[in-house]
Amino acid sequence: MIDLRLIREQPEQIKAALATLDADAPIDRILALDGRRRALVTENEALKAELNQGSKSVGRTKDAEARQGMIVRMRELGDRIAARDEEVKGVDAELHEALLRVPNLPLPHVPVGPDESANVVVAEHGAMPAFSFPAKPHWELAEALGIIDFERGIKISGSRFYVLRGDGARLQRALIAWMLDLHTQRHGYQEVYPPYLVLEQTLVGTGNLPKFGDALFRDAEEDKWLIPTAEVPVTNLYREEILDEALLPIYHVAYTACFRREQLSAGRDVRGIKRGYQFDKVEMVKLVHPDRSSEEHRRLLGEAEAVLQGLGLTYRTLQLCTGDLGFSAADKLDLETWAAGSGEWLEVSSCGNFLDFQARRANIRYRPEGGGRPRFVHTLNGSGLALPRTMIAVMEQYQREDGTIAVPEVLRPYLGGQEVIGPQPPIGPARTG
RNA sequence: GGGGAGAUGGCGGAGCGGCCGAUCGCGCCCGUCUUGAAAACGGGUAGGGGUUCAUCGCCCCUCGUGGGUUCGAUUCCCACUCUCCCCGCCA
């Protein structure tokens, strides 16, 4: 959430910035609620001070008659205060609710644009892979090798689910283990393994709620939601805490499954494993000193890039425009790798700088070294990387003419030295009925 | 799921319905003393909000959370959440 004081003091600048996001933020309503709330609070607090003083003198008054009179007056005063308190509570709740729906403001250097078409390619790495044979899309390769079973995935869980099998499952596991080792051993991250089910408040902290509940799976009877990304539980680890400044920066990396209830339109991204309701991801999360978030953002991007470079994958870097930033980020850089067989760029990482937007929602602060009031930390996160699409890139960029797939050098130690993924022992096609 | 105990400041641990935002101990910070340090001694040490240009100050709220009783609740009543112990069930 953005600072209420900022809205109060420079509403026009805020409105102008929000306009670049195509957001329907009710700034005028917030200003009205804020003014009303402060007037009510000031007034009511004066009455409370009077009541507190009065109640104390009741205790000191010995004369029974005078005492009775005071008690009657205090009772009336108390009733008035209670009524106003109700009013304050109502206005306060409305104000808070409205603030939670205001998106973060973009940093000044973020290009203005309506949607992803205005994103800017800022760098390209690696040559476009050239094959001496027609490159196949991963669903053909994987099906032929028997490393992904699409039919049985759909049978047990419905459309958009698949089953990794044999070396397919092992390849993903190798990728996960290697990525975690890379970030923990080379980039200074501490690994965490968080719950996949979280409370509503946790999702409010990262900005997923209250606005985007329709993209989430949840338990119908309890307040338990499936995480759409590890960012949610990991960022919220320090919710409602005041950290020592010396503890910053905090770097965490987590491997989790992710669950997203996307309204997947028929005919788009239907083939293969590019998009589904469940996918795995290795996620990096940083909590840092507010003066350092820009620098940490650049480093975060580099750490995600190190995964692609280690795997030897061709990729490019995109600076997202205002219209594609999402709700919580003030700045975002995406990494896309090339799906050589299906012929498209795949987003495998999205590195966001959230400034104090999430910290304010989740109330994550630090105590400055020399003492003083607690301040909000800045939060950042980025995938390092999303598994299905990394799998796609590996399969399609490392495919060979005979339909087998070479194993990237760095993964071989994780696969017992195996250099090639070939056909799996036959199980046969699914025959139902 | 059944039974019992508990939830107070960074930690430990008190708290007759008014003098308690809270005794005390530890920790931490600042002084005095010391060549320096320790010890000793003195002082200070929660968060949020309102008022203020800001500081100081003043005021309001917070003793797990939410309600209730009362002129007044950390203290009484109810509900919920969480923690610990015992029994049952279980990967």
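Letters go in sequence order (proteins before strands), and every chain restarts at 1.
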[X] and [Y] ion-paired at < 4.0 Å:
X        : Y        : value
A/Lys332 : A/Asp324 : no
A/Glu43  : A/Arg84  : yes
A/Asp3   : A/Arg360 : yes
A/Arg36  : A/Glu87  : yes
A/Arg298 : A/Glu295 : no

### Summary
Whichever of A/Asn44 and A/Lys56 has the more 5' nearest nucleotide on RNA chain B, that residue is A/Lys56
[atom1] gap between [N] and [M], integer Å:
N     : M     : atom1 : value
B/G57 : B/C63 : P     : 24 Å
B/G10 : B/U69 : P     : 32 Å
B/U8  : B/G4  : C1'   : 22 Å
B/U23 : B/A46 : P     : 11 Å
B/G31 : B/A38 : P     : 12 Å
B/G43 : B/G48 : P     : 27 Å
B/C20 : B/U74 : C1'   : 8 Å
B/C60 : B/G72 : P     : 15 Å

Give a yes or no on whether [X] atom [atom1] has more than 12 heavy-atom contacts from other residues, nucleotides or ligands under 6.0 Å away.
X        : atom1 : result
A/Arg186 : CZ    : no
A/Arg101 : CZ    : yes
A/Arg38  : CZ    : yes
A/Glu116 : CD    : no

Measure from [atom1] on [X] to [atom2] on [N] and round the result to the nearest Å.
X        : N     : atom1 : atom2 : result
A/Leu51  : B/G18 : CG    : P     : 17 Å
A/Asp244 : B/C29 : CG    : P     : 12 Å
A/Ile81  : B/C71 : CD1   : C1'   : 11 Å
A/Leu77  : B/C71 : CG    : C1'   : 10 Å

### Task
With the side chain counted from C-beta on, respond yes when A/Glu296 and A/His289 share a heavy-atom pair under 4.5 Å apart, and no when they do not.
no
### Message
Can you build the contact string for nucleotides 47-59 of chain B? Use B for base contact, S for sugar-phosphate-only contact, and - for no protein heavy atom under 4.0 Å.
### Response
SSBSS-------B
## Note on the structure
Each base of RNA chain B marked ( ) or [ ] if paired in-strand (Watson-Crick or G-U under 3.5 Å), | if paired to another strand and . if unpaired gives (((((((..(((.....[.....)))((((((.......))))))((((((.....)))))).(((((..]....))))))))))))....
### Message
For the NZ atom of A/Lys48 and the CG atom of A/Leu77, what is their distance to the nearest 0.5 Å?
### Response
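Nearest 0.5 Å value for the NZ-CG distance: 11.0 Å.
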### Message
Taking side chain to side chain contact (heavy atoms under 4.5 Å, CB included) as the criterion, tell me which of A/Phe279, A/Tyr277, A/Phe217 meets it with A/Phe259.
### Response
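Option passing the side chain to side chain contact (heavy atoms under 4.5 Å, CB included) with A/Phe259: A/Phe217.
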Show the distances under 3.5 angstrom between N or O atoms of the protein and N or O atoms of nucleotides 64-70 of chain B.
unit_1	atom_1	unit_2	atom_2	d
B/G67	OP1	A/Lys89	NZ	2.7

